[in-house]
Amino acid sequence: MTSLIRKNASGHAGDGDANLLINEVVGVPGGIGEAARLERASAYDSFLRRLLPSREGVALIAVGGLGRRQCAPYGDLDLVLLHAGVPGTDELAASVWYPIWDAGLRLDHSVRTVSEALSVAQDDVKVALGLLDARLVAGDQTLADALIRTAADHWRRTAVRHLPGLRAVTEARWQAHGELAFLLEGDLKEAAGGLRDVGLLRAISAAGITDALRPAVRAAHLRLLDTRDALHQQVGRRVDRLVAQERDGVAGLLALEDGDALLRRVAGDARTVSHALDDAFRAADRLRSGRSRGGGARPARRPVARDVVEHDGELVLARTAIGARPDPSLSLRVAAAAATTRLPIARATCEWLAAYCPPLPAPWPADARAALVTLLGAGPGLVPAWETCDRYGLVDNWLPEWTRLRSLPQHNPVHRYTLDRHLVQTAHEASRHAREVERPDLLLLGALLHDIGKGLPGDHSTVGVPVAQAVATRVGLPPAEVELIGTLVRLHLLLPDVATRRDLADPVTIASVAEAVGDTGTLDVLHALVRADAAATGPAAWSDWKGRLVAELVARVRTALDTGVLPEPPAPDPELLAGPLPVVHLTGDRVSVAAADRRGLLATVAGCLALHRLEVISADASAVDGRALVECRVQPRYGLPPDPVPLRADLRRAVAGDVSVTQRLRGRALASRGGGAAPRVVWHREAATDAVLLELRAADAAGLLYRVACALDEAGALVRAARISTLGADVVDAFYLVGGWPDDATRARLEAAVLAAV
């Protein structure tokens, strides 16, 4: 059989081959669910027992998934060959490991005596946790029992001491992998709330610290295991990250409606696991602090806010608050206290608030409104406090709209979070800009509500306005402030869209934004909201160049609002207007070229920049005193900027009409055509002073600007400016075409030329 194994470059069978070999050699079945996992474990056990000869003083121990009998379709085997110092152990180990490798199975293995295994576990908490799952597969039962029993006893005696270090390691893993409940493409194993965290809960329960494996946690764990099984089957190999393109297939295997339903289920299960682990870690903290105080000493109570006290590292209600008639704003005030102090709310307190705190009246009282603003502006403490309150249903009492938003996926590659987390994260990011605006309270509330229209039919910036205004009215804002919240929702995409897609030197651009915004106070809040929204979206949503463009737009609009005078467009670089042609200047992210006036110069410059792997962000073409000027803002497509010497040389040759450079441009551009969804052309009639705006929406590809500019030039259009906005794998390229509004035939001809170039 092993002679028929097809091996990959590493010398081991590939995942696809391994599946065939496992089925044929080991007899491991596929399938999803607990029964299938148990059957796989039994098949592995049977296979492994045949590999270990009956011999006293030797035992084959399974840990990890096989130890727990929770084998995934493409999971690893984690094995320990345990021995009592018998001779020939190395040869025996080789006789076990090599058939496993030959069967195409992934193997993590070790050979140890009982004392060696316990010594390693004492120094490495991860090994100690692994031994809690240890199970005899074959060999000496007495030897195996000695290890399993001693390891469990050692963990119970030392767990409280080890848990702080384990928590630090766990938090570092969370920082690296994020929170599964809020990620659109989370790791089912490593992310916070994933399968590895269930292992921690199992370890804390084994230590007798608290009953961390409550029925809800067990059910969530089984569903996460089912999801991983389905993911393995869908992809055909071992993978733990649930990426967007696999969600629908995995959902089908789990008999769920669609990928969105799957993501919401995973989010709910991850939340259950995360909350249970938070509770378990706090229980361990309380146990450790109780021991440090001397056992019977009672922890002190410290007032932190009205009706809220700190007790043993958690926030609880003051006794007077429990005895009195509950205040409707009490839950918000507790949440605000938790966020500002960054202390957790005790589980019993959350349960009491959920059961006895009355609903808020409409409009809200002033102290409830103040507590909400304090909560939203608390910075790093906001997210954990909000999540705790959401766990117990308190957020639904504040904002009934939250039920629709919870765990809602966002189908856009630049987003990393589900909608609910994105909104809370935006409020957190907005708190960084609170001192830059006149009304930080409205900035924070606008940040929380800016995307509230998502999930409803239509443009979320439009359909979200009445929803956000209804919330603002219920919160108790006066009509003028309710109107401003609606404006923030409606215009929250205005500044980045205009800055990246329009000519900022065109007076029509500045006038239209100034008219939409209305005043500098609203402009400042929108500017802060844009930056907060981008930071909460993900790294692909913002960049230094986008920040500069937005800041430039804001400065020009502020001038127009303050003075009523539109700012003059910037004058061309005077060095381009002097000296022999061609002139090429490279300064930072700017490329400026002057050449003899001729058509197609913009296309030539754009193509040469693409040849040197530079993306054009904006481009302006003009003619002054018989000279054609092209000024571009650029950024490297990959890695570091190109060498300026050959770039300058190619630009000079290209604009002078060197045929060899042109041939290289065409060859490179044709080789890099993008795919994806069908491109679209959109026309804008009154978006510029002296031009018509043609907007291309297409898949991103190197050299796209060059190809489209060439097509427009060959079709007889004169491009005076271009703006490129990249949105994940797509672009929106805006071209300013000199002249009046073209007739239907001309528009059709230009549109066909552009689409053919794409």
Task: Test: E695 and R697 ion pair at under 4.0 Å - done: yes
Open item on the list: Taking the basic N atoms (NZ, or NE/NH1/NH2) and the acidic carboxylate oxygens, is any pair closer than 4.0 Å for E401 and R406?
Closed with: no
Task: Salt bridge flag under 4.0 Å for residues E552 and R633 - done: yes
Open item on the list: Under a 4.0 Å threshold between the charged nitrogen and the carboxylate oxygen, would R391 count as salt-bridged to D279?
Closed with: yes
Open item on the list: Side chains of H275 and E387 only: does a donor on one sit below 3.5 Å from an acceptor on the other?
Closed with: yes
TODO: Could I get the full list of ring pair (Phe, Tyr, Trp, His ring centres under 6.0 Å) partners for W386, not counting sequence neighbours?
DONE: W398, W402
Open item on the list: I need the minimum non-hydrogen distance between G193 and D197, along with the two atoms involved.
Closed with: N-OD2, 2.8 Å
Open item on the list: A cation-pi test, strictly: NZ or CZ of R421 under 6.0 Å from the centre of the six-membered ring of F182 and no more than 45 degrees from its axis. Yes or no?
Closed with: yes
Open item on the list: Pairing donors with acceptors under 3.5 angstrom, does anything connect the side chains of Q425 and E429?
Closed with: yes
Open item on the list: Between the side chains of R196 and D187, is the shortest nitrogen-to-carboxylate-oxygen separation below 4.0 Å, so that they form an ion pair?
Closed with: no
TODO: Taking only Lys NZ, Arg NE, NH1 and NH2, and the carboxylate oxygens of Asp or Glu, determine whether D76 and R238 approach each other closer than 4.0 Å.
DONE: yes
Listed pairs under 3.5 Å, donor-acceptor, residues 484-493 side chains, sequence neighbours left out:
residue	atom	partner	partner atom	Å
T487	OG1	E483	O	3.1
H492	ND1	V489	O	2.7
H492	NE2	D451	OD1	3.1
H492	NE2	H460	NE2	3.3

Open item on the list: Run the salt bridge (Lys or Arg N to Asp or Glu O under 4.0 Å) test against E246 and tell me which residues pass, sequence neighbours left out.
Closed with: none
Task: Ion pair R439/E481, N-O distance below 4.0 Å - done: yes
